[in-house]
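Below is one structure; the comments refer to it alone.
We number each residue from 1, following the sequence as shown. Order of appearance sets the numbers: ligands from 1, and atoms from 1 within every ligand. Because the structure is a prediction, the values reported are computed rather than measured.
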Amino acid sequence: MLKKVLVTGANGQLGLTIKELYQDNNINLEFILVSKEELDITNKEALSEFFNSNSFDYCINCAAYTNVEQAEKTPEQAYQVNSEAVKFLANVCRLNKVVLIHVSTDYVFDGEKQEPYTVLDQTNPINEYGKSKLQGEKQIQANLDAYFIVRTSWLYSKKYGKNFYQTILKLAKKEKKLTITTEQKGCPTNTENLAKYIIELIVEKTNDYGLKHFCDKQVMSWFEFAKIILEEHNFTNKIELEGITEFKTYAKRPKYSVLL
Ligand SMILES: NC(=O)C1=CN([C@@H]2O[C@H](COP(=O)(O)OP(=O)(O)OC[C@H]3O[C@@H](n4cnc5c(N)ncnc54)[C@H](OP(=O)(O)O)[C@@H]3O)[C@@H](O)[C@H]2O)C=CC1
Ligand SMILES: Cc1cn([C@H]2C[C@H](O)[C@@H](COP(=O)(O)OP(=O)(O)O[C@H]3O[C@@H](C)C(=O)[C@@H](O)[C@H]3O)O2)c(=O)[nH]c1=O
């Protein structure tokens, strides 16, 4: 039977990847993809109205405030999108019997562990973005039963959006030297693999709801990731890459955030 899937925040890197891979499909899924301009999830009335006048089986929430640095300066904006709006979304999903698939982050952890974090590990975010995302998870858990919260890490698309992969390529085109931190370790995750994982949850009709971890399997530092990106684009002879222990930022980031 045909399942209807709403995708919010559809113009972000994950939303655009889902659109590219699945808008036309032969797996009986109909996608309704809405950008921030078409549906602002912080607008409670607009959300209710949208759910009342359309029917969905699943909602994949790709909408989020993802600017980790800016979140330190204007945290209220991050909380509004990543927590308050997620509460509205959870409520409207419950009222309309829609399964919510929400994406969360490795930044809910403090990074002090020396081995991969499981879904049973204690959270302890160390920056405002991570705190706002954790609060969003809690809003879902308190208001909804039929949900998947999928935590992922270091998300990048080679085609869409703003992410570390695109930042490095942009810098490589104008700088002679890049200095990149060796002090954080995690798993860069391609949006295509995350999109496939999410769609599998729907296709397999799993009702094993709850918290999940999904990331690509290679553990590395941002420095090592930058090296791979530069090699992939034949920049290695044209640019100097230096590993540094401290790259000054507003937000603290977990030293280690591998998810299992
Ligand atoms: N990027 C990463 O490295 C990681 C991301 N995640 C999580 O994965 C999910 C997808 O992230 P990603 O695709 O990278 O994020 P992006 O920042 O690429 O996309 C988020 C989208 O949400 C939109 N948006 C912002 N506010 C609202 C709103 N009020 N209503 C509707 N849409 C809104 C943004 O629009 P606009 O740009 O116009 O504001 C943007 O199009 C998020 O939940 C994120 O927290 C988890 C781990 C790593
Ligand atoms: C651009 C740049 C960054 N860095 C450092 C800063 C930071 O510590 C690290 C990563 O840089 P970014 O700021 O691009 O990454 P950041 O925005 O922290 O990425 C995070 O985004 C959110 C949304 C998530 O959920 C996380 O999983 C994670 O992907 O690399 C350098 O050392 N040198 C550089 O030239």
Based purely on interatomic distance, does Val103 place a nitrogen or oxygen under 3.5 Å from a nitrogen or oxygen of ligand 1?
yes

Report yes if the side chains of Leu89 and Leu47 come closer than 4.5 Å at any heavy-atom pair, otherwise no.
yes

Kindly indicate whether the side chain of Asn207, heavy atoms from C-beta on, has any atom under 4.5 Å from the side chain of Val99.
no

Give the atoms of ligand 2, by number and element, whose distance to some non-hydrogen atom of Asp106 is under 4.0 Å.
26 (C), 27 (O)

Does ligand 1 come near enough to Tyr129 that some N or O of the ligand is less than 3.5 Å from an N or O of the residue?
yes

Thr189 versus Asp216, side-chain donor and acceptor atoms under 3.5 Å:
no

Taking only non-hydrogen atoms of Tyr156, do any sit less than 4.0 angstrom from ligand 2?
no

Note the single closest protein heavy atom to atom 29 (N) of ligand 1, along with its residue, its atom name and the distance in Å.
Asp40 OD1, 2.8 Å

Could you tell me the residue and atom name of the protein heavy atom closest to atom 29 (O) of ligand 2, and the distance to it rounded to 0.1 Å?
Trp154 CA, 3.1 Å

Region of Thr105 engaging ligand 2 - heavy atom pairs below 4.0 Å:
side chain

Between Thr249 and ligand 2, is there a nitrogen or oxygen pair with a distance under 3.5 Å?
no

Top protein contact for atom 11 (O) of ligand 2, by heavy-atom distance
Phe164 CD1, 3.8 Å

Check this for me: does any side-chain nitrogen of one of Glu232 and Lys158 sit under 4.0 Å from a carboxylate oxygen of the other?
yes

Closest non-hydrogen protein atom to atom 17 (O) of ligand 2, residue and atom name please, with distance?
Val68 CG2, 3.6 Å

Protein contact of atom 46 (C) of ligand 1 - nearest heavy atom, named by residue and atom, plus distance:
Ser104 O, 3.2 Å

Identify the protein heavy atom lying closest to atom 47 (C) of ligand 1, giving its residue, its atom name and the separation to 0.1 Å.
Thr152 O, 3.3 Å

Measure the shortest side-chain to side-chain distance between Ile202 and Ile60 over non-hydrogen atoms and say whether it is less than 4.5 angstrom.
yes

With a 4.0 Å cut-off, would you call Glu137 and Arg151 a salt bridge?
yes

Within-shell test, Gly15 vs ligand 1, heavy atom, strictly < 4.0 Å:
no

Consider ligand 1: state whether an atom of it lies below 4.0 angstrom from any non-hydrogen atom of Leu39.
yes

Looking only at distances, please establish whether an N/O atom of ligand 1 is found under 3.5 Å from an N/O atom of Gly12.
yes

side-chain contact (heavy atoms from CB on, under 4.5 Å) partner of Phe148, chosen from Ile140, Val103, Thr206, Leu100:
Thr206

Examine the proximity of ligand 2 to Phe247 and report which part, side chain or backbone, both or neither, has a heavy atom under 4.0 Å away.
side chain

Any idea which part of Tyr129 is under 4.0 Å from ligand 2, heavy-atom wise: side chain, backbone, both or neither?
side chain

Strictly by modelled atom types, are Glu45 and Ser48 linked by a side-chain donor-acceptor pair under 3.5 Å?
no

closest protein heavy atom to atom 1 (C) of ligand 2 is Thr167 CG2, 3.9 Å

Counting only heavy atoms, tell me which of His102, Lys36, Glu84, Glu38 gets closest to atom 38 (O) of ligand 1.
Lys36

Asn11 heavy atoms, cut-off 4.0 Å: which ligand 1 atoms fall inside?
41 (O)

Do me a favour and list the nearest non-hydrogen protein atom to atom 18 (O) of ligand 2 with residue, atom name and distance?
Arg253 NE, 2.5 Å

May I ask you to identify the nearest protein heavy atom to atom 25 (C) of ligand 1, giving residue, atom name and distance to one decimal place in Å?
Ala64 O, 3.4 Å

Electrostatic pair Lys177:Glu175 at N-O distance under 4.0 angstrom
no

among protein heavy atoms, the one nearest atom 5 (C) of ligand 1 is Leu155 CD2, 3.9 Å

Tell me: protein heavy atom nearest atom 15 (O) of ligand 1, and distance?
Thr66 CG2, 3.5 Å

Considering only heavy atoms from C-beta outward, does the side chain of Tyr156 approach that of Asn190 to under 4.5 Å?
yes

Has Lys113 got its NZ or CZ under 6.0 Å from the middle of the six-membered ring of Tyr117, at an angle within 45 degrees of the ring axis?
yes

Check Thr179 against ligand 2 and report side chain, backbone, both or neither, counting heavy atoms closer than 4.0 Å.
backbone

Would you indicate whether the side-chain heavy atoms of Tyr197 and Lys212 approach each other to under 4.5 Å?
yes

Scan side-chain atoms only and decide if Tyr256 and Glu115 contain a donor-acceptor pair under the 3.5 Å cut-off.
no

Whether Tyr65 lies under 4.0 Å from ligand 1, heavy atom:
no

Sub-4.0 Å heavy-atom approach of Thr42 to ligand 1
yes

Quick check on contacts: which atoms of ligand 2 are under 4.0 angstrom from a heavy atom of Gln184?
7 (C), 8 (O), 9 (C)

Spacing of CZ belonging to Arg253 relative to CG belonging to Asp106, to within rounding of 0.5 Å
11.0 Å

A student checking ligand 1 against Val81 at a 4.0 Å heavy-atom cut-off should list atoms 26 (N)

Within-shell test, Cys62 vs ligand 1, heavy atom, strictly < 4.0 Å:
yes

Ring geometry between Phe164 and Phe225 (parallel below 30°, tilted from 30 to 60°, perpendicular above 60°):
parallel

Any Ile180 heavy atom less than 4.0 Å from ligand 2
yes

For atom 10 (C) of ligand 2, grab the closest protein heavy atom and report residue, atom and distance to one decimal in Å.
Trp222 CE2, 3.3 Å

Quick check on contacts: which atoms of ligand 2 are under 4.0 angstrom from a heavy atom of Thr181?
5 (C), 8 (O), 30 (O), 31 (C), 32 (O)

Among Gln13, Glu20, Gln166, find the residue that satisfies the side-chain hydrogen bond (donor to acceptor under 3.5 Å, both in side chains) test when tested with Tyr160.
Glu20

Among Thr17, Ile41, Leu194, whose heavy atom sits nearest atom 30 (N) of ligand 1?
Ile41

With heavy-atom distances below 4.5 Å as the criterion, would you say the side chains of Trp154 and Tyr107 are in contact?
yes

So, is the end of the Lys217 side chain (NZ or CZ) under 6.0 Å from the ring centre of Phe214 and within 45° of the ring's axis?
yes

For Val119, run the side-chain contact (heavy atoms from CB on, under 4.5 Å) check against Leu259, Leu211, Leu260 and tell me which one passes.
Leu211

Under 4.0 Å from any heavy atom of Trp154, which atoms of ligand 1 are there?
3 (O), 48 (C)

Report the distance from atom CZ of Phe31 to atom CG of Leu6, rounding to the nearest 0.5 Å.
10.5 Å

Using heavy-atom distances only, which candidate in Lys162, Glu37, Gln13, Lys133 approaches atom 12 (P) of ligand 1 most closely?
Gln13

Heavy-atom distances under 4.0 Å decide this one: backbone, side chain, both or neither, for Glu69 against ligand 2?
neither

In terms of residue, atom name and distance, what is the protein heavy atom nearest to atom 13 (O) of ligand 1?
Leu14 N, 3.0 Å

Is the shortest side-chain N to carboxylate O distance from Lys227 to Glu231 below 4.0 Å?
yes

